[in-house]
**Q** 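Handing you a structure now.
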Amino acid sequence: MEFHQLKTFVAVAREGSITRASERLHLSQPAVSAHIKSIEDRYDLSLFERTSRGMTLTGDGLRLLAKAERALEAHGEVLSEASRLRGTLTGRIRIGVGSNACNPLLETLLIRLADSYPDVEIRTQHASGRETVAALRGGAIDACFFNSIDDPEPDISAIDVDQFSIFLAAAPGTVPCTQPLDWARVADLPWIYPQCSSCCGRATDTLFLRHRFRPKRVISVDREGITRSLIVGGIGIGLLHAETAREAEARGEVELLHELSQPVRVFFAHLASRDNDPILALLRGLL
């Protein structure tokens, strides 16, 4: 659950109204409604009853509210402690970056650190998501951004910082864009995706299970830029992250055949054994 969604849920619960919550949060009413719907859809919960008097918490909503308020309180304590340490916190943190989708988050973090904590030095290294998590466990890095469709393992302390969709794409005219997609036809084409435990690899395996087929030929590529070039060149169909897919579609390079139902989550993580590290606590608070 995204932190801004949690904050919106608590505001609606306290105000009993989408309108008043939107005024309090300085958000539009559709944005507030979208935050609540996202939580309900993701966890298959009904948090509010919509009545003529406003928004009334359901039983599930009441149980979640108490924990949500404690989470907001803990977040406030982290920010207060970070403020107390402002100007005095020093040290070096090595951060791994598992994909291009994580770069905007890293850039935001570096800007915020430079503004408020200039004595905290950040060193970064890029690798695949699997290599990044392995480096974290091996002590080569202190924290990382990585993508996954699954929850992190218990030894990893992680927070959700973003999510994105994955699209199945093809060069224009390669496959008829029918609804539903002709899966028997696409099964005969070469598929371009990473055959490993990356987010795209796992998502593709889930897709194959759902539609009960395996492609006859796979071109295993673990770099999205290469995957895009091969798709545009008509070598096969493949998977692209949403931002890349939409850009390529806008340029007329690809057609988007199918959006995978399970979004990819972007995590900021470190070892659970380092939960009390002051610099890592600062980074969590900034994010």
**Q** Tell me, do Glu15 and Glu23 make a side-chain contact under 4.5 Å, heavy atoms counted?
**A** no
**Q** On a heavy-atom basis, which atom in Leu6 and which in Ala68 lie closest, and how many Å separate them?
**A** CD1-CB, 3.5 Å
**Q** Mark yes or no for whether Thr58, through its side chain, and Ser46, through its backbone, hold a donor-acceptor pair below 3.5 Å.
**A**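 Yes, because the side chain of Thr58 sits within donor-acceptor range (under 3.5 Å) of the backbone of Ser46.
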**Q** For Asp44, does the CG atom sit with more than 12 other heavy atoms under 6.0 Å from it, leaving out its own atoms?
**A** no
**Q** Do Leu240 and Ile166 touch side chain to side chain, with heavy atoms closer than 4.5 Å?
**A** no
**Q** Do Val186 and Trp191 make a side-chain contact, defined as non-hydrogen atoms from C-beta onward lying under 4.5 Å apart?
**A** yes
**Q** Testing the basics here: between Cys144 and Leu136, what is the closest heavy-atom pair and its distance to 0.1 Å?
**A**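 Of all heavy-atom pairs spanning Cys144 and Leu136, the closest is SG-CD2, 3.9 Å.
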**Q** Checking Asp60 against Arg63 for the side-chain contact (heavy atoms from CB on, under 4.5 Å) test, could you report, in this order, the C-alpha distance in whole Å, the side-chain angles of both residues, the deciding distance, and whether it holds?
**A** CA-CA 5 Å; Asp60 287 340; Arg63 285 189 289 272; 2.6 Å; yes
**Q** Side-chain contact test, heavy atoms from C-beta onward, threshold under 4.5 Å: evaluate it for Asp205 versus Arg214 and give yes or no.
**A**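 With C-beta onward as the side chain, the pair touches.
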**Q** Hey, does Arg251 have a side-chain heavy atom less than 4.5 Å from the side chain of Val232?
**A** no
**Q** Is there a donor-acceptor pair under 3.5 Å between the side chain of Asp142 and the backbone N or O of Arg94?
**A**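 Yes; judged by distance alone, with no hydrogens or angles, the pair exists.
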**Q** Apply the test side-chain contact (heavy atoms from CB on, under 4.5 Å) to residues Leu260 and Thr206: give CA-CA distance (whole Å), side-chain angles for both, the deciding distance (0.1 Å), then the verdict.
**A** CA-CA 9 Å; Leu260 276 65; Thr206 301; over 6 Å; no
**Q** Using only atom types and a distance under 3.5 Å, with no angle test, would you say the side chain of Ser33 pairs donor to acceptor with the backbone of Gln29?
**A**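 The answer is yes, because a donor-acceptor pair under 3.5 Å joins these two groups.
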**Q** Please state whether the rings of Phe268 and His270 are parallel, tilted or perpendicular, taking 30° and 60° as the class boundaries.
**A**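 Because their plane-to-plane angle is over 60°, the rings of Phe268 and His270 count as perpendicular.
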**Q** Any donor and acceptor pair, going by atom type alone, linking the side chain of Arg274 with main-chain N or O of Ala143 inside 3.5 Å?
**A** no
**Q** For Asp41, does the CG atom have more than 12 heavy-atom neighbours from other residues, nucleotides or ligands under 6.0 Å away?
**A** yes
**Q** Which heavy atom of Gln125 sits nearest a heavy atom of Ile141, and at what distance?
**A** CD-CG2, 3.5 Å
**Q** Does some side-chain heavy atom of Leu47 sit less than 4.5 Å from a side-chain heavy atom of Val12?
**A** no
**Q** Under a 4.5 Å cut-off applied to non-hydrogen side-chain atoms, are Leu257 and Phe167 in contact?
**A** no
**Q** Counting C-beta onward and ignoring hydrogens, is there a side-chain heavy-atom pair between Arg92 and Ile279 closer than 4.5 Å?
**A** no
**Q** Give the minimum heavy-atom separation between Leu57 and Phe48, together with the two atoms involved.
**A**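 Result for this residue pair: CD2-CE2, 3.4 Å.
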**Q** What's the verdict on salt bridge (charged side-chain N to carboxylate O under 4.0 Å, His left out) for Arg246 and Glu249, showing C-alpha distance, side-chain angles and the deciding distance?
**A** CA-CA 5 Å; Arg246 293 297 189 193; Glu249 180 186 43; 3.4 Å; yes
**Q** Counting distance only, does the side-chain N/O of Glu224 pair as donor-acceptor with the main-chain N or O of His241 below 3.5 Å?
**A** yes
**Q** Determine, stepwise, if the pair His258 / Leu207 fulfils side-chain contact (heavy atoms from CB on, under 4.5 Å).
**A** CA-CA 11 Å; His258 178 73; Leu207 184 69; 3.9 Å; yes
**Q** Would you mind checking if Lys37 and Glu40 are paired as a salt bridge, meaning a charged N to carboxylate O distance below 4.0 Å?
**A** no
**Q** For the pair Thr108 and Leu286, evaluate side-chain contact (heavy atoms from CB on, under 4.5 Å) and give the outcome as yes or no after the intermediate values.
**A** CA-CA 9 Å; Thr108 298; Leu286 290 176; over 6 Å; no
**Q** Over all heavy atoms of both residues, which pair between Ile231 and Ala171 is shortest? Give the atoms and the distance, please.
**A**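 Reported closest heavy-atom pair: O-CB, 3.4 Å.
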**Q** If you measure from the Lys or Arg side-chain nitrogens to the Asp or Glu carboxylate oxygens, is any gap between Arg265 and Asp151 under 4.0 Å?
**A** yes
**Q** Search all heavy atoms of Ser148 against all heavy atoms of Phe267 and return the closest pair with its distance.
**A** CB-CE1, 4.0 Å
**Q** What class does the angle between the rings of Trp183 and His211 fall in, given that below 30° is parallel, 30 to 60° is tilted and above 60° is perpendicular?
**A**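 Parallel, since the angle between the ring planes stays under 30°.
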**Q** Would you indicate whether Arg50, at its atom CZ, is surrounded by more than 12 heavy atoms from other residues, nucleotides or ligands within a distance under 6.0 Å?
**A**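 Yes, because the 6.0 Å sphere around CZ of Arg50 holds more than 12 heavy atoms from other groups.
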**Q** Taking Glu247 first and then Arg228, would you say they form a salt bridge - that is, a charged N and a carboxylate O separated by under 4.0 Å?
**A** yes
